[in-house]
Amino acid sequence: MTVNSGDTAWVIMSGALVLLMTPGLALFYGGMVRAKSVINMMLMSLISITVVSVLWALFGYSLAFGHGSQWLGPLHLGGLGDLVRTLTDNGGTQPVPALAFAMFQLTFAIVTVALVSGAIADRARFAAWTVFAALWCTIVYLPVAHWVFDLGQVTAGRVTGEGVLAAHGLLDFAGGTAVEVNAGIAGLALAIVLGPRVGFRREPMRPHSIPLVVIGVGLLWFGWFGFNAGSALGANGLAAVVLLNTQLAGAAGIGGWLLVERWRDGRPTGLGAASGAVAGLVAITPACGYITPTASLAVGAVAGVLSAFAIGLKYRFAVDDSLDLVGVHFVGGVWGTLAIGLFATRVVNPAGGDGLFHGGGTGLLGHQAVGVLAVLAYSFVATTLIARLIDRTIGFRIPRDAEVEGVDFTEHAETAYELDTRTGSGSFLAGHHTPGGRA
Amino acid sequence: MKLITAIIKPFKLDDVKAAIEHAGITGMTVSEASGYGRQRGHTEVYRGAEYRIDLVPKVRIELVVDDSQVDDLLDRIVDAARTDRIGDGKIWVTTLDDVVRVRTGEHGPGAI
């Protein structure tokens with residue numbers, strides 16, 4: 001086997017594109033919280049880059065993509081060095097260097113972990129979040145990624161060694177289940193364990209910067225082209241249709257959300273447009289490689305409408321899912337994954353399937369539902385156990401006083417904005433920190 | 001000597017400033033303020049959640065003037081600041097015991 005330089009270049013580039021989604025998410029989330037907790041919100045994303053990258057090199061890639069059982073790859077603690085001259089195809093038409101694929105998939109794991117942090121804005125101990133990121137990646141993300149994303153090896157025309165959900169017939173092109181449903185329901189579990197913020201459903205908790213949210217969604221959207229079209233694992237016709245489908249669903253998501261706002265709230269909003277784009281992009285993530293561009297418009301628009309309605313549920317159930325992991329990622333992920341069962345057609349992807357609207361009956365819809373339920377159940381239970389363990393041992397929440405003062409200052413001794421132009425409001429202490437010294 | 005304090009809508013600052021300059025007043029102090037009166041703030045909607053924002057942005061103008069100028073100035077400020085909509089603001093007048101110009105040390109009306 002020899003590599004094709006075009007395919008390899010696209011996978012390498014896609015890894016870089018998808019990594020950009022995590023700082024993009026930091027801006028998207030950071031703009032939505034109050035000015036006193038924007039640094040903490042962003043750091044929860046940034047530390048996910050560190051935690052997941054280390055785990056990925058040590059054993060993460062091996063557990064997620066090593067060919068072992070259907071449930072989990074083998075544990076190679078030797079790191080990624082063994083793969084230097086190895087090729088892989090994992091469902092792509094041509095092989096690419098395994099390390100290009102490993103880097104690409106690493107960036108998926110990072111952004112999935114970072115996504116979960118949106119449920120616990122303003123109130124988590126940073127050390128506790130860091131421990132959670134490591135445990136959640138290992139216990140929840142790696143197995144689920146193996147079930148969904150490990151497409152096995154083709155030998156003599158037969159596929160062997162697939163993950164259990166892939167083998168069962170789940171179609172999930174770029175992570176509607178493993179990424180979106182998984183992170184969304186984990187966010188719900190985490191929000192339940194931590195409890196609501198001080199003042200939830202009483203005080204206004206306005207986003208402190210809609211412009212940051214819009215910059216963030218721009219970076220997310222750009223990175224999403226790598227996320228979805230990179231998942232074709234080649235620079236080919238499938239990547240092209242995926243690229244276009246991604247664009248169309250994001251665009252339609254904005255439209256769907258804004259129509260709901262115009263009808264329900266009276267005015268379309270900036271936060272609504274940014275949220276609608278993400279809802280559309282979330283929903284197209286699993287479906288982008290199996291459906292037509294026209295169907296992608298429908299999937300995106302419906303996602304925008306569904307999410308715009310779903311974000312209100314947390315107030316009814318009194319669960320402070322702060323930045324709407326359930327309303328946007330879970331709902332969008334479930335819809336997009338099930339939509340494959342409706343809209344999928346082998347005209348777009350011969351390796352896919354035919355959904356209800358293309359003469360395939362309800363069989364595929366059933367496989368999709370099983371995939372959603374499996375990921376939902378496992379992620380919710382495992383996340384609850386991990387979060388409770390951390391809360392019982394080292395404590396997950398900052399004290400009430402610290403939360404009221406602001407997690408940025410109490411956890412990081414930083415404030416996001418210095419808008420005061422006056423001098424003389426403090427003094428220089430030392431060029432280095434002296435613990436226990438002058439205060 | 002009187003202190004005139006006017007709380008107005010921020011976008012009316014330029015009009016009010018021009019009106020005050022027309023009256024021959026040579027200085028003023030302007031600061032950002034926030035508050036509410038009978039209009040009780042406004043509402044904003046984020047991701048479908050409706051918040052009543054009690055403290056809305058206002059501009060506070062402070063002027064120190066001679067007693068003889070007060071009535072004329074109040075008329076000019078009211079004319080310039082009025083939109084006839086709720087939340088146009090308030091003006092109050094305070095009697096001052098003394099005023100000092102920092103540069104010269106002058107006291108009283110000559111320091112205005």
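Just so you know, these numbers use all the heavy atoms, side chains as well, and skip hydrogens, waters and symmetry mates. Below, read A as the first sequence line, B as the second, and so on, with proteins coming before strands; counting in each chain starts at 1.
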*Asks:* Evaluate whether atom CZ of A:F380 has more than 12 neighbouring non-hydrogen atoms of other residues, nucleotides or ligands under 6.0 angstrom away.
*Replies:* yes

*Asks:* Need one label for A:V328: side chain, backbone, both or neither, based on atoms under 4.5 Å from any heavy atom in chain B.
*Replies:* side chain

*Asks:* Considering only heavy atoms, which portion of A:M32 lies under 4.5 Å from any heavy atom of chain B: side chain, backbone, both, or neither?
*Replies:* side chain

*Asks:* Only counting residues at least two apart or in another chain, list the ones meeting side-chain contact (heavy atoms from CB on, under 4.5 Å) with A:F317.
*Replies:* A:L313, A:V319

*Asks:* Could you list each donor and acceptor atom pair linking chain A to chain B at less than 3.5 Å?
*Replies:*
from, atom 1, to, atom 2, distance (Å)
A:R206, NH1, B:E44, OE1, 3.2
A:R206, NH1, B:E44, OE2, 3.2
A:S275, OG, B:R47, NE, 2.8
A:S275, OG, B:R47, NH2, 3.0
A:L323, O, B:R47, NH1, 3.0
A:D324, OD2, B:R47, NH1, 3.0

*Asks:* Under the rule for side-chain contact (heavy atoms from CB on, under 4.5 Å), what residues qualify as partners of A:V214, not counting sequence neighbours?
*Replies:* A:I210

*Asks:* Run the side-chain contact (heavy atoms from CB on, under 4.5 Å) test against A:A273 and tell me which residues pass, sequence neighbours left out.
*Replies:* A:I254, A:L258

